[in-house]
Amino acid sequence: MNIDSQIANSVLDHFTKKDIAVLCIHDSFIIQYDKEPELRRILDQATHQITKDRIGHDIKNKRISHRGKVTGNIKGYEEPVEVEYHTPIHIKPTRQYLNRKAKFNKWLELQETT
């Protein structure tokens with residue numbers, strides 16, 4: 001666990017210094033899609049620096065890619081510009097999640113009546 005925390009700390013330090021939001025959950029990281037290559041590189045570097053070894057990383061980046069036209073009042077987007085954007089693949093909620101959500105919604109209803 002100490003080695004995991006050292007690697008995680010190194011990754012968090014790197015992205016914090018660059019003002020890039022990253023969330024660490026145990027030995028996993030959540031970061032915006034386009035930062036995945038940099039996350040892989042930093043994980044490899046941190047792992048090698050701390051363990052003097054190389055290990056594979058299980059990075060999940062499943063998403064659906066779309067292309068669409070965007071327009072607006074931002075400079076460079078006054079006329080429609082075609083851009084690529086990504087949405088995560090829908091994950092089916094588990095029964096346990098749905099039960100917790102139902103209890104939470106019931107709690108919200110009770111709060112509104114008090």
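Just so you know, these numbers use all the heavy atoms, side chains as well, and skip hydrogens, waters and symmetry mates. Remember, predicted model here, so these are calculated numbers, not experimental data.
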Which distance, rounded to the nearest 0.5 Å, do you find between the CD1 of Ile20 and the CG of Leu12? 12.0 Å
Ignoring hydrogens, what is the shortest heavy-atom contact between Arg54 and Asp44? Give both atom names and the distance. NH1-O, 3.8 Å
Any donor-acceptor N or O pair under 3.5 Å, side chains His14, Glu38: yes
Gln111 vs Trp107, test: side chain to side chain contact (heavy atoms under 4.5 Å, CB included). Steps then yes/no. CA-CA 6 Å; Gln111 296 304 308; Trp107 179 81; 3.1 Å; yes
Hey, does Lys101 have a side-chain heavy atom less than 4.5 Å from the side chain of Tyr97? yes
Decide if atom CD of Glu79 counts as having more than 12 heavy atoms of other residues, nucleotides or ligands within a radius under 6.0 Å. no
Ile30 side chain reached by Val22 side chain, heavy atoms, under 4.5 Å: no
For Arg67, look at atom CZ and say whether over 12 heavy atoms of other residues, nucleotides or ligands are found less than 6.0 Å away. yes
d(Asn9 CG, Ile50 CD1) to nearest 0.5 Å is 8.0 Å
Show, in sequence, the C-alpha distance, side-chain angles and deciding distance for Leu39 and Lys35, and conclude whether the side chain to side chain contact (heavy atoms under 4.5 Å, CB included) test is met. CA-CA 6 Å; Leu39 175 61; Lys35 301 300 180 195; 5.7 Å; no
Closest non-hydrogen atoms of Leu43 and Thr47, given as atom of the first, atom of the second and distance, are O-OG1, 2.7 Å
Measure across Leu98 and Pro93 and return the closest heavy-atom pair with its distance rounded to 0.1 Å. CD2-CB, 3.9 Å
When you measure from the side chain of Ser10 to the backbone N and O of Ile7, does any donor-acceptor pair fall under 3.5 Å? no
Report, as yes or no, whether the 6.0 Å neighbourhood of atom CD1 on Ile3 holds more than 12 heavy atoms from other residues, nucleotides or ligands. no
Could you tell me which non-hydrogen atom of Phe29 sits nearest to which non-hydrogen atom of Ala8, and how far apart they are? CZ-CA, 3.7 Å
